[in-house]
Amino acid sequence: MSVEIPSLTGLPTVAEPTSAMEVIELGFGQLDGQSILDIGCGKGALAAALIERGATITGLDPNEIALEEAKKAAPEAEFHLLSGAELPYEDGAFDGAIFLNSLHHIPEADMTTALAEAARVCGAGTTVVVVEPVADGSYFSAVRLIDDETEVRAKAQEAIAAAVDAGLFALDLDTSYERVSTFADKEAFLERVVSIDPARRERGEAKRAEVFAALDANGDEGPDGITLIQPMRAQILTVL
């Protein structure tokens, strides 16, 4: 699937990266020895991958249950029960920051503040990478029945644009790629979606039949299960 995404700069987007890690490596170059703030770290998958590449990681998430899983996934990292809107760190405390699929989970009123805080605690010349899902694709066609994030995902992009316009960041790269996910069956997909946010579980059960119908209509079923596509938009920003 090819999804056209307008660039913040008005220039064509670059479609070379094929994963979040490729975008991160483009932004940070050599990860070994860098101190990175993982804002909205979830269950720690990114933290673990970055530690394997030699980075020192501090992860933040407002979900206490997710943080307990993160500590198991990346015991070498430091984790704190925090949102991104108010960071208790000194100016320039980190070499860079990452929002991976997390900016749109921050309350709309705090998104721009969270980006400004990331800029502050990293400092001029450092890198901030933001990767966000687009409200499109076969994955989203099913998720939206449980939690339609069309508006909040758009607000996240508006917050990034506002931060660039305000002179907090220079936009180095605005790109897109497709995240491919395969689930053993429909139940596995539903469990994955509702486990991200406990508030989704009741809605997920109520919408089970509709979600399964969307998976039948839009998913690609094969011997390994159901494959779904989620377009992702990624920006590499330099703090000014």
Side-chain angles (χ1 to χ4, degrees), residues 17-107 110-111 113-123 126-133 139 156 160 169 173 175 177 179-182 191-198 230 232-239:
T18 60
S19 69
M21 187 55 68
E22 287 186 11
V23 173
I24 290 167
E25 290 175 335
L26 277 173
F28 286 95
Q30 178 62 255
L31 288 164
D32 188 25
Q34 297 212 50
S35 173
I36 298 175
L37 187 63
D38 182 2
I39 302 173
C41 63
K43 296 181 179 181
L46 176 62
L50 294 173
I51 287 171
E52 286 182 359
R53 289 163 173 80
T56 300
I57 303 300
T58 299
L60 313 178
D61 203 283
N63 186 323
E64 191 170 4
I65 295 174
L67 280 185
E68 289 305 312
E69 294 299 316
K71 291 173 184 176
K72 298 173 186 175
E76 304 91 339
E78 182 178 328
F79 293 104
H80 300 283
L81 188 67
L82 292 168
S83 73
E86 187 174 351
L87 303 181
Y89 307 111
E90 297 180 357
D91 296 2
F94 299 93
D95 296 323
I98 300 170
F99 294 82
L100 177 57
N101 204 28
S102 61
L103 183 59
H104 71 282
H105 288 299
I106 294 173
D110 294 333
M111 289 179 185
T113 301
L115 289 166
E117 277 288 270
R120 179 186 67 78
V121 301
C122 293
T126 60
T127 296
V128 174
V129 172
V130 185
V131 180
E132 280 286 301
Y139 190 101
I160 298 167
F169 302 101
L173 181 66
T175 189
Y177 66 91
R179 187 186 71 201
V180 180
S181 303
T182 300
E191 180 57 31
R192 170 74 174 93
V193 171
V194 301
S195 68
I196 294 172
D197 181 354
Q230 174 58 66
M232 304 295 290
R233 180 174 183 177
Q235 285 106 10
I236 297 174
L237 308 166
T238 295
V239 180

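Predicted model, so just to flag it, every value in this text is computed and none were measured.
Judged as a side-chain contact (heavy atoms from CB on, under 4.5 Å), and not counting sequence neighbours, the contacts of H104 are N101, E132, P133, E149, V152, R153, A156. By the side-chain hydrogen bond (donor to acceptor under 3.5 Å, both in side chains) test, T182 pairs with T227, sequence neighbours left out. For F94, the ring pair (Phe, Tyr, Trp, His ring centres under 6.0 Å) partners at least two apart in sequence or on another chain are Y89. When the salt bridge (charged side-chain N to carboxylate O under 4.0 Å, His left out) test is applied to E69, the partners found at least two apart in sequence or on another chain are K72. Residues passing the side-chain contact (heavy atoms from CB on, under 4.5 Å) test with A114 are F99, I106, sequence neighbours excluded. Taking the side-chain contact (heavy atoms from CB on, under 4.5 Å) definition, one finds that L81 meets it with E64, L67, sequence neighbours left out. Remark: E68 engages K71 in a salt bridge (charged side-chain N to carboxylate O under 4.0 Å, His left out) (not counting sequence neighbours). A73 meets the side-chain contact (heavy atoms from CB on, under 4.5 Å) test with no other residue; sequence neighbours excluded. Here T127 pairs with nothing under the side-chain hydrogen bond (donor to acceptor under 3.5 Å, both in side chains) rule; sequence neighbours left out.
A distance-only check finds a donor-acceptor pair linking the side chain of E117 to the backbone of L87 [under 3.5 Å]. Looking at Q235, its side chain never comes within 3.5 Å of a backbone N or O of I160 through a donor-acceptor pair.
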Can you give me every donor-acceptor pair (side chain of residues 45-56, partner residue at least two apart or in another chain, under 3.5 Å) with its distance?
| unit_1 | atom_1 | unit_2 | atom_2 | d |
| --- | --- | --- | --- | --- |
| R53 | NE | E25 | OE2 | 3.1 |
| R53 | NH1 | A49 | O | 2.9 |

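Among all heavy-atom pairs drawn from I39 and A97, the shortest one is CD1-CB, 4.2 Å. Of all the heavy atoms in A93 and S35, the pair that sits closest is O-OG, 4.3 Å. F169 approaches L115 most closely through the heavy-atom pair CZ-O, 3.4 Å. Residues V129 and V131 share a closest heavy-atom pair of CG1-CG2, 3.9 Å. Across all their heavy atoms, P88 and L82 have their closest contact at CD-CD1, 3.6 Å.
Sorted by first and then second residue, the salt bridge (charged side-chain N to carboxylate O under 4.0 Å, His left out) pairs involving residues 74-97 (not counting sequence neighbours) are D91-R120. For the salt bridge (charged side-chain N to carboxylate O under 4.0 Å, His left out) condition, no pair includes a residue of residues 26-50, sequence neighbours left out.
Residues S83 and D110 are not in side-chain contact: their nearest non-hydrogen atoms beyond the backbone lie 4.5 Å or more apart.
Atom CE of residue M21 and atom CG of residue L26 lie 12.0 Å apart, to the nearest 0.5 angstrom.
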* Dump the intermediate steps for side chain to side chain contact (heavy atoms under 4.5 Å, CB included) on Y177 and E22, then the final yes or no. => CA-CA 10 Å; Y177 66 91; E22 287 186 11; over 6 Å; no

